[in-house]
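The structure under discussion appears below in the form of structure tokens.
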Amino acid sequence: MSVAQQIKKVTAKAITSLYNIELPQESILINATKPEFEGDYTIVLFAFVKQLKKNPEQLGNELGEYLVKENSELFTSFNVIKGFLNLTVSNNYWLHFLSTNYNNINFGIKEKTNAKVMVEYSSPNTNKPLHLGHLRNNFLGWSIAEILKANGNAIVKTCVVNDRGIHICKSMIAWKLFGNNETPETTHTKGDHLVGGFYVKFNDAYKKEIEEIINTGKTKEQAEKEAPIMLAAQQMLVDWEAGKPDVIELWKQMNNWVYKGFDETYKKIGSNFDKIYYESNTYLLGKNLVKQGLDKNVFYKKDDGSVWIDLTKDGLDEKVVQRKDGTSVYITQDIGLAEQRQKEYNAQQSIYVVGDEQNYHFKVLKLICKKLGLPSADGIYHLSYGMVELPTGKMKSREGTVVDADDLVAEMINIAKHKTEELGKVKDFAEDELTELYNTIGLGALKFFLLRVDPKKKMIFNPEESIDFHGFTGPFIQYTHARIKSILRKAMVNGQWSIENNSPLTIQHSLLPLEKQLAVQLEIFPAIIEEAATEHDPSKLAIYIFNIAQTFNSFYSQHSISNAENEEKKLLRLQLATLTAQILKAGMSLLGINVPERM
RNA sequence: GGUCCGGUAGCUCAGUUGAAUAGAGCAACAGCCUUCUAAGCUGUGGGUCAUUGGUUUGAAUCCAAUCCGGAUCACCA
């Protein structure tokens, strides 16, 4: 049990025995004591002065005295300032904490439970390569999956590939018209980029045709509908649905080019999935549910044959769930897929990592699933994240104003290479070790940059300013880890720490402020993992490991580990350093970031 | 227009289940490498927490109104 929990527990007990009042532990508010005051943890007294009818000062003193007296193994002293009771936790507690946990690789990781969670992320369209927005999505999805795993859940990572529809047909038509039978091999281009290029070409040609038609005196709306290239794309979609062989063949071929390209990118960024759904296989799902919904009177049919649900009583609108021609719309497919996944995996929770532009959609999805009585309904959770925008506004792949994922990753790795060469600390590395190091640092910088902010918030990325390698960044934490590992390597002699008296710590004299601060921060790692999981927010973890690294570096600059004042101090600091490195590594791995042994 | 989200230092962001003098990083300036990795450390300057009113012992945090920005409300996906 963490100190914070223990303090709550004994405080509740103390209040009961002192004042004969039962207080739930959750109502006790405790904080880390601010550095300018003496103490480690602070009980905020205002919360229950009313109930106890005491002034805060008196309550604090009575409570403090009782707590220290009854829990002498936990507390050594207290002080009361205004409405705050500051408690100093005994050195023995911290020393014991360190000596029992410093070597525990699973510190903060929970035992597996029966809970199963599905995490859907990435979910690309196959008409264009991945861009910066996809990277945020992938990193978030990956990280939240790891965080939930660390909290004991079994995880199924899934991806829904949008491999059909009008966008793909646009690329196909453009390839037929302007492609001259180009392939990734003949052009030496990554397949997803090649196909994405034709998507842009389609839109260029479409714009041109619209202009020409407008010049003949027609309105913009008419022109948009009549443009031959658009009609051709629409016809191609009809042909695809009808299964016309040459269309299907072209579709398969172009999609395969794209998948090969995606695979390369996913491999590079360290992303993967347990199960991939292809929309071409699932887009008809949900049709049977429309029938069910009609039978249950959840849906109703309009005169033209279209099927609707009325959500006005829930504060939303009327939504169509099946077109008048009998084909299903996007949301119906999602309902069908939700049911399908439930049947296949029976997960308690299904997390959809999807941009916040679809907030409304997921509200509707969950509501409809509930009204249909689907068992999957309650577990639907939309992990909504903000868009990544450029200083000039939104990225638009149609207009080619996107930050390409492959380009950005390559650039980051390249910057890592230059900086590493400049510093010249790893001249003895072999070629493949260097390549791995550049990847680790470059991707670390990028992933940390995207994960350190609250997922809910949109973020602006300025391509003119490169992502930093100093301060609140991935490389800073990687560097701190490498630095600690270097010390630990040097402290080893024949596989053991070179300490004269390797007996358990018994020092009674006080921990130095930075030793204490580091120990206090390290101790809350399990609570941070839990918080990141319940809030679905990896940034909590990113901020935490940054704070740890910061504190360690301050500690490092002021106190020597290998030349500590005495052997007991040396042992204590080696334990602190070991656990710090361990937590930096584990924390970063929950963000999908590796840490090097040297850099 | 309805609904939802956001506005905190020059920039990027923490802090928002109410709690002590609102914190980091970057940028700027001044220091620190004969001692465990300077991708580091220490210090200085920098704030009308969008505005106004309210609730409270206490408000960046809760409530109301207003201003600004964004998303969404398609028989698109």
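In the text below, chain A, chain B and the rest are named by the order of the sequence lines, each starting its count at 1.
- Between Arg489(A) and Glu318(A), the residue anchored closer to the 5' end of RNA chain B is Arg489(A), taking for each the nucleotide with the nearest heavy atom.
- Between Tyr381(A) and Phe362(A), the ring centre distance reaches or exceeds 6.0 Å.
- Comparing C36(B), C13(B), U37(B) against the side chain of Ser562(A) picks out C36(B) as the nearest.
- The residue Lys324(A) sits close to a base: some heavy atom pair falls under 4.0 Å.
- For Asn547(A) against A14(B), no side-chain N or O and base N or O form a donor-acceptor pair under 3.5 Å.
- Here Phe546(A) does not pack flat against the base of A24(B), since the 5.5 angstrom centre distance and 30 degree tilt limits are not both met.
- Under a cutoff of 6.0 Å and an axis angle of 45°, Arg452(A) and Phe546(A) do not form a cation-pi pair.
- Counting non-hydrogen atoms under 4.0 angstrom, His481(A) reaches nothing in the nucleic acid.
- For His361(A) and U72(B), the shortest distance from a side-chain N or O to OP1 or OP2 is not below 4.0 Å.
- Minimum atom distance to the side chain of Asp317(A) is reached by C73(B), of the listed A20(B), C73(B), G40(B).
- Note on Ile543(A): only backbone sugar-phosphate atoms sit closer than 4.0 angstrom, heavy atoms only; bases stay farther off.
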Show your reasoning for whether side chain to side chain donor-acceptor pair (under 3.5 Å) applies to Ser384(A) and Asn359(A).
CA-CA 7 Å; Ser384(A) 164; Asn359(A) 284 353; 2.8 Å; yes
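- Using modelled atom types, one finds no donor on one side chain facing an acceptor on the other under 3.5 Å when comparing Asn594(A) with Thr440(A).
- Set against G15(B), A19(B), G40(B), the side chain of Lys540(A) has G15(B) as its closest nucleotide.
- Heavy atoms of Ile166(A) sit nowhere under 4.0 angstrom from any nucleic acid atom.
- Within the 4.0 angstrom heavy-atom criterion, only backbone atoms of the sugar-phosphate kind lie near Asp454(A); the bases stay farther away.
- Of all nucleotides listed (A77(B), C41(B), U37(B)), C41(B) comes nearest to the side chain of Gln550(A).
- When distances are taken from the side chain of Asp468(A) to each of U21(B), C26(B), A77(B), the shortest belongs to C26(B).
- Distances were taken from every side-chain heavy atom of Glu357(A) (C-beta onward) to each of C36(B), A71(B), C13(B); the shortest belongs to A71(B).
- Donor-acceptor pairing under 3.5 Å is lacking for the side chains of Ser122(A) and Asn137(A).
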Chi angles and distances behind the side chain to side chain donor-acceptor pair (under 3.5 Å) call for Asp468(A), Thr473(A):
CA-CA 7 Å; Asp468(A) 224 310; Thr473(A) 67; over 6 Å; no
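- Straight-line distance from the CD atom of Gln521(A) to the P atom of A24(B): 13 Å, rounded to whole Å.
- At the heavy-atom level, Ser539(A) lies nowhere under 4.0 Å from the strands shown.
- At a threshold of 4.0 angstrom between heavy atoms, the contacts of Met387(A) with the nucleic acid are absent.
- Using a 4.0 Å heavy-atom cutoff across all strands shown, Tyr330(A) reaches at least one base atom of the nucleic acid.
- From Ile43(A), atom CD1 reaches atom NZ of Lys8(A) across 10.5 Å, with rounding to the nearest 0.5 Å.
- Sorted by residue number, the members of residues 304-316 of chain A with any non-hydrogen atom under 4.0 Å from RNA chain B read Asp304(A), Ser306(A), Trp308(A).
- When the P atom of G25(B) is taken as reference, atom CG of Asn553(A) falls 12 Å away, rounded to whole Å.
- When heavy atoms are screened at a 4.0 angstrom cut-off, Ser560(A) is found touching base atoms of the nucleic acid.
- Applying the 4.0 Å criterion to OP1 and OP2 of C41(B), one finds that Ser557(A) has every side-chain N and O outside that range.
- Here the side chain of Lys457(A) is nearest to one of U37(B), A14(B), C41(B), namely A14(B).
- No more than 12 heavy atoms of other residues, nucleotides or ligands shown are found within 6.0 angstrom of CD on Glu436(A).
- Projected onto RNA chain B by closest heavy-atom contact, Leu488(A) and Leu29(A) fall at different nucleotides, the more 5' of which corresponds to Leu29(A).
- When all heavy atoms are compared, the tightest approach of Lys324(A) to Asp304(A) is CB-O, 3.4 Å.
- Under the stacking definition used here (centres under 5.5 Å, planes under 30°), the residue Phe37(A) qualifies as stacked on the base of A20(B).
- If you check every strand for non-hydrogen atoms under 4.0 Å, Asn31(A) touches nothing.
- Closest to the side chain of Phe84(A), from the set C36(B), C26(B), A20(B), is A20(B).
- Base contact: Tyr479(A) has a heavy atom under 4.0 Å from a base atom.
- Within 6.0 Å of atom NZ in Lys570(A), more than 12 heavy atoms from other residues, nucleotides or ligands are found, so the atom counts as buried in its surroundings.
- Considering only side-chain atoms of Phe476(A), the nucleotide from C4(B), U37(B), G40(B) that sits closest is G40(B).
- Remark: the Glu318(A) side chain and the Tyr300(A) side chain contain an N/O donor-acceptor pair separated by less than 3.5 Å.
- Ser384(A) comes within contact range of no nucleotide atom at all, as no heavy-atom separation falls under 4.0 Å.
- Contacts of Arg452(A) with the nucleic acid, taken as non-hydrogen atoms under 4.0 Å apart, involve only primed sugar atoms and P, OP1 or OP2.
- Remark: Glu221(A) does not engage Lys225(A) in a salt bridge, criterion side-chain N to carboxylate O under 4.0 Å.
- The separation between Leu423(A) atom CG and G40(B) atom P is 10 Å, rounded to whole Å.
- The nucleotide whose nearest atom lies closest to any side-chain atom of Asn86(A) is, among A20(B), C36(B), A77(B), A20(B).
- In this structure, Glu279(A) reaches the sugar-phosphate backbone alone: every heavy-atom distance under 4.0 Å involves primed, P, OP1 or OP2 atoms, never a base.
- In this structure, Tyr556(A) counts as stacked on the base of C36(B) under the 5.5 Å centre distance and 30° plane angle limits.
- Remark: RNA chain B forms stems of 3 or more consecutive Watson-Crick or G-U wobble pairs, all pair distances under 3.5 Å, at B:1-7 with B:67-73, B:10-13 with B:23-26, B:28-32 with B:40-44, B:50-54 with B:62-66.
- Remark: side-chain polar atoms of Asn86(A) are not paired, donor with acceptor, to backbone N or O of Thr42(A) under 3.5 angstrom.
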